[in-house]
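Only one structure is covered here, and it is reproduced in the block below.
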Amino acid sequence: AQTVTQSQPEMSVQEAETVTLSCTYDTSESDYYLFWYKQPPSRQMILVIRQEAYKQQNATENRFSVNFQKAAKSFSLKISDSQLGDAAMYFCALPEDFGNEKLTFGTGTRLTIIP
Amino acid sequence: DSGVTQTPKHLITATGQRVTLRCSPRSGDLSVYWYQQSLDQGLQFLIHYYNGEERAKGNILERFSAQQFPDLHSELNLSSLELGDSALYFCASRKGGGAAEAFFGQGTRLTVV
């Protein structure tokens, strides 16, 4: 079975600063995808960024980027120039079972932005 | 707006009762997933339907059942409700597999009293 671990239940960062959220995972697959989802107080789950395991280049979406280390099975999310609207729960997720591809989620990290 | 619609947004019901949660996926998305989010269990996969057929079951109780109709909307039926069933229930839809994004609805907050 695949596992996703987020070891930081809570993080805080000053507005405009940079913060990194950690995620480690375990899978027997050699080709897979990884996602970061954001859940703001509105509770809507929103895709932040995705990474394809076969790509060595780290994914970037505006202020969001990942540090993907396949050998270490690590997938951290870096948020640059943090904004108040970034305050949310962040979940790392890994699809499993080809053809089904349900998402296995980590336990989440609650990010607080300090004005 | 993700394009995935869930109704109702909130539901309060008594123990032992039965409720139905409804999900309309994004236009063209054949896959519908149901997830349960609770404080102690986090986000757990319940069941996956693809074009009307059940594809996989996760940690879904026997008291729970689901189906996907020809118009692709899905319903999650929860019966003999217990206090521990109180949670946020999400529906998500995807157009395909692999890197395809799963779009989530806003969830149904179920409170069992």
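So you know, we letter chains A, B, ... as the sequences are listed, proteins then strands, and number each from 1. The analysis underlying the following values was restricted to heavy atoms, covering all of them including side chains, and did not include hydrogens, waters or symmetry mates.
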* Partner residues of A:D26 under the salt bridge (charged side-chain N to carboxylate O under 4.0 Å, His left out) criterion, sequence neighbours left out ->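 Per chain and number, A:D26 pairs via salt bridge (charged side-chain N to carboxylate O under 4.0 Å, His left out) with A:K73.
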
* Identify, with sequence neighbours excluded, every residue that meets salt bridge (charged side-chain N to carboxylate O under 4.0 Å, His left out) alongside B:D29. =>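 B:D29 satisfies salt bridge (charged side-chain N to carboxylate O under 4.0 Å, His left out) with B:R26, B:K95 only.
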
* Under a single-linkage rule joining Ile, Leu, Val, Met, Phe, Trp and Tyr whose side-chain heavy atoms are separated by less than 4.5 Å, which residues share a cluster with B:Y50? ->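 Grouped by the 4.5 Å side-chain rule, B:L30, B:L72 form the rest of the cluster around B:Y50.
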
* Side chain, backbone, both or neither: which part of A:Y37 has an atom under 4.5 Å from a heavy atom of chain B? ->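 Side chain only.
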
* Sort A:Q39 into side chain, backbone, both or neither according to what part of it lies under 4.5 angstrom from a heavy atom of chain B. =>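 Only the side chain of A:Q39 comes within 4.5 Å of chain B.
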
* Asked: Just checking, any donor-acceptor pair under 3.5 angstrom between side chains of A:Y25 and A:Y32?
  -> yes

* Residues A:Q2 and A:T27: side-chain donor-acceptor under 3.5 angstrom ->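 Yes - a donor-acceptor pair under 3.5 Å links their side chains.
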
* Side chain / backbone / both / neither for B:Q37 at chain A, heavy atoms under 4.5 Å ->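 Side chain of B:Q37 only, per the 4.5 Å heavy-atom cut-off to chain A.
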
* Asked: Is B:E101 paired with A:R50 through a side-chain N to carboxylate O contact shorter than 4.0 Å?
  ->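 Answer for the salt bridge query: yes.
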
* Asked: Mind checking whether A:N67 and A:N58 have side chains closer than 4.5 Å, heavy atoms only?
  -> yes

* Neighbourhood of chain B inside residues 103-115 of chain A, taking heavy atoms under 4.5 Å as contact -> A:L103, A:F105

